[in-house]
Colleague: 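This is the structure, below, for whatever I ask next.
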Amino acid sequence: MSGPLVSVVTPSYEQAEFLEDNLRSVMEQTGPSVEHVVVDGGSTDGSVDILESYEDEYDLRWVSEPDDGQSDALNKGIEMATGRWLCWVNSDDYLLPGALEAFAEARRQNADCDVIYGDFVFVDAEGREIGRKYNTCPSRFVHKHYYQFTGNHSTFFRRGVLESVGGIDESLHYTMDTELFWRLLEADLEMTHVPGFLGARRLHEAAKTTGEPPAERLAEIRALKSGYDYTALERALPDKLLTAVAVALQGTYHTLDGRPEAIRHMLS
């Protein structure tokens, strides 16, 4: 089958400070064929100059025009993409070396898989590692009461999967990733976890999910949680107890996976 195996879709707006790290992280991957689709929202900070400087260096396609926010840009990028698998990496985040090779090996070993995901690191504005997120098997309970089962910057979706669950919810501006992962859990798909670090999530002052959450983000979180399917017991128990149980369950998964070091990072 012709065309790239993987399309990395990157929404961006006024992220010139970090954009080059993102582009190079895709350009320098080895392994399966990959295209990079960047949807810029009409930045005026030099992002366009950076994109122009890389467009002949590797399989990069991009647009820069006003859009209706990150979710709109993501759906636009998914429509532009031609790969059989999709990976969503925000412009201030990036793939780690070897990510595509790890994905390809997992795909070879799990030919019927719909979603392949790994672990990721947290980095600061300068790209220094400041934390790690070890993922485990998908769990609706852990997702509802503690943490989503993966991050977009370390996850590969079979193209038809995103189409089947309806793509990115454009009404959301903060929680579109968590909401998407919940729909994937509800769809009962074949998922494979790669026990290795595939992506980096950058925490910096300008990131919209860093710091004290604004009212709009809090409202999205409340709406998201209200839509989960809770059992009668979950509705009866206090949130703090449910969170403690979810944390313990996640720790149990790490132990069963033979990765006890993950518990230290989980609790730090």
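Start at 1 with the first residue, then count along the sequence.
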Colleague: With W182, which residues qualify under ring pair (Phe, Tyr, Trp, His ring centres under 6.0 Å), at least two apart?
Modeller: H143, Y228
Colleague: Side chains of Q15 and S91 only: does a donor on one sit below 3.5 Å from an acceptor on the other?
Modeller: no
Colleague: Could you report the tightest heavy-atom contact between S47 and L19, atom names first, then the distance?
Modeller: O-CD2, 3.8 Å
Colleague: Do P4 and T82 come close enough that some side-chain heavy atom pair is under 4.5 Å?
Modeller: yes
Colleague: Can you find a pair of side-chain heavy atoms, one from K76 and one from E65, that are under 4.5 Å apart?
Modeller: yes
Colleague: Among residues at least two apart in sequence or on other chains, which ones pass ring pair (Phe, Tyr, Trp, His ring centres under 6.0 Å) with W88?
Modeller: none
Colleague: When rounded to the nearest 0.5 angstrom, what distance separates CD in Q148 from OG1 in T155?
Modeller: 8.5 Å
Colleague: Which heavy atom of L249 sits nearest a heavy atom of S139, and at what distance?
Modeller: CD2-OG, 4.0 Å
Colleague: Does E129 have any side-chain contact (heavy atoms from CB on, under 4.5 Å) partners at least two apart in sequence or in another chain, and if so, which?
Modeller: V121, R132
Colleague: Ring pair (Phe, Tyr, Trp, His ring centres under 6.0 Å) with Y54: which residues, sequence neighbours excluded?
Modeller: none
Colleague: Is it the case that the side chains of E14 and T44 hold a donor-acceptor pair, with the cut-off being a distance below 3.5 Å and no angle test?
Modeller: yes
Colleague: With side chain to side chain contact (heavy atoms under 4.5 Å, CB included) as the test, would you mind laying out the steps for N152 and L180 before giving the verdict?
Modeller: CA-CA 10 Å; N152 58 276; L180 171 63; over 6 Å; no
Colleague: Please tabulate, one pair per line, all N/O donor-acceptor pairs under 3.5 Å involving side-chain atoms of residues 193-203, not counting sequence neighbours.
Modeller:
residue : atom : partner : partner atom : Å
H193    : NE2  : D119    : OD1          : 2.8
H193    : NE2  : N135    : O            : 3.3
R201    : NH2  : T209    : OG1          : 3.1
R202    : NE   : D92     : O            : 2.8
R202    : NH1  : A125    : O            : 2.9
R202    : NH2  : D21     : OD2          : 3.0

Colleague: Would you check if the side chain of K144 reaches a backbone N or O of D229 as a donor-acceptor pair within less than 3.5 Å?
Modeller: yes
Colleague: Measuring only between side-chain heavy atoms, which start at C-beta, is V63 closer than 4.5 Å to M80?
Modeller: yes
Colleague: Is there a path of hydrophobic side-chain contacts, each under 4.5 Å between heavy atoms of I, L, V, M, F, W or Y residues, that connects L5 with Y58?
Modeller: yes
Colleague: Is it true that a side-chain atom of E220 and a backbone atom of T175 form a donor plus acceptor pair closer than 3.5 Å?
Modeller: yes
Colleague: Step by step, work out the side chain to side chain contact (heavy atoms under 4.5 Å, CB included) result for M266 and Y147.
Modeller: CA-CA 10 Å; M266 183 177 70; Y147 207 100; over 6 Å; no
Colleague: Just how far is it from atom CG of N75 to atom CG of L162, taken to the nearest 0.5 Å?
Modeller: 9.0 Å
Colleague: Hey, what do you get for CG (L95) to CZ (R24), rounding to the nearest 0.5 Å?
Modeller: 14.0 Å
Colleague: Of all heavy-atom pairs between P138 and L185, which one has the smallest distance, and what is that distance?
Modeller: CB-CD2, 3.5 Å
Colleague: In the hydrophobic clustering that connects Ile, Leu, Val, Met, Phe, Trp and Tyr at side-chain heavy-atom distances below 4.5 Å, which members other than L256 occupy its cluster, ordered by chain and number?
Modeller: none
Colleague: Kindly say whether E170 contributes a backbone atom to a donor-acceptor pair with the side chain of D72 at under 3.5 angstrom?
Modeller: no
Colleague: Mind checking whether I116 and L184 sit in one hydrophobic cluster, side chains of I, L, V, M, F, W, Y counted as touching below 4.5 Å?
Modeller: no
Colleague: Between R217 (side chain only) and Y174 (backbone N and O only), is there a donor and an acceptor less than 3.5 Å apart?
Modeller: no
Colleague: Provide the full list of ring pair (Phe, Tyr, Trp, His ring centres under 6.0 Å) pairs with a residue in residues 229-257, sequence neighbours left out, each pair given once.
Modeller: H145-Y230
Colleague: List the atom of C113, the atom of T192, and the distance in Å for their closest heavy-atom pair.
Modeller: SG-OG1, 3.1 Å
Colleague: Classify the ring geometry of H265 against Y134: parallel below 30°, tilted from 30° to 60°, perpendicular beyond 60°.
Modeller: tilted
Colleague: In Å and rounded to the nearest 0.5 Å, what is the CD to CG distance from E20 to L51?
Modeller: 10.5 Å
Colleague: Contact between I78 and E163 at the side-chain level, heavy atoms closer than 4.5 Å - yes or no?
Modeller: no
Colleague: Test question: given the 4.5 Å side-chain rule for I, L, V, M, F, W and Y, name all other residues clustered with L218, or answer none.
Modeller: none
Colleague: T10 and W62: side chain to side chain contact (heavy atoms under 4.5 Å, CB included), yes or no, with the steps?
Modeller: CA-CA 9 Å; T10 295; W62 60 275; over 6 Å; no
Colleague: So do the side chains of S25 and L96 get within less than 4.5 Å of each other, counting heavy atoms only?
Modeller: no
Colleague: Where is the tightest heavy-atom contact between S64 and V48, given as atom of each residue plus distance?
Modeller: OG-CG2, 3.5 Å
Colleague: Show every side chain to side chain donor-acceptor pair (under 3.5 Å) that has at least one partner inside residues 93-111, sequence neighbours left out.
Modeller: T30-E101, E105-R108, E105-Q109
Colleague: Taking atom CG of L60 and atom CE of M27, what is their separation to the nearest 0.5 Å?
Modeller: 10.0 Å
Colleague: If Ile, Leu, Val, Met, Phe, Trp and Tyr residues are connected whenever their side-chain heavy atoms lie under 4.5 Å apart, and connections chain through other members, are V89 and I50 in the same group?
Modeller: yes
Colleague: Within the supplied structure, the quantity of interest is the number of heavy atoms (other residues, nucleotides, ligands) at a distance under 6.0 Å from E126 CD; does it exceed 12?
Modeller: yes
Colleague: If you draw a 6.0 Å radius around CG in D112, do more than 12 non-hydrogen atoms from other residues or ligands fall strictly inside?
Modeller: no
Colleague: Applying a strict under-4.5 Å side-chain criterion to I, L, V, M, F, W and Y, I'd like to know whether L86 and M191 cluster together.
Modeller: yes
Colleague: Show your reasoning for whether side chain to side chain contact (heavy atoms under 4.5 Å, CB included) applies to L74 and V9.
Modeller: CA-CA 7 Å; L74 280 166; V9 177; 4.3 Å; yes
Colleague: For residues V37 and A81, report the shortest heavy-atom separation together with the two atoms involved.
Modeller: CG2-CA, 4.1 Å
Colleague: Which pairs pass side chain to side chain donor-acceptor pair (under 3.5 Å) with one or both residues in residues 236-251, sequence neighbours excluded?
Modeller: T136-Q250
Colleague: Got a second to check how far S33's OG is from L100's CG, nearest 0.5 Å?
Modeller: 9.5 Å
Colleague: I need the full list of ring pair (Phe, Tyr, Trp, His ring centres under 6.0 Å) pairs touching residues 7-30, with sequence neighbours left out, sorted by first then second residue.
Modeller: F18-H204
Colleague: My understanding is that only residues two or more places apart in sequence, or in another chain, count here; which of them pass ring pair (Phe, Tyr, Trp, His ring centres under 6.0 Å) with F181?
Modeller: F149
Colleague: Can you hop from Y117 to I168 via hydrophobic side chains spaced under 4.5 Å?
Modeller: yes
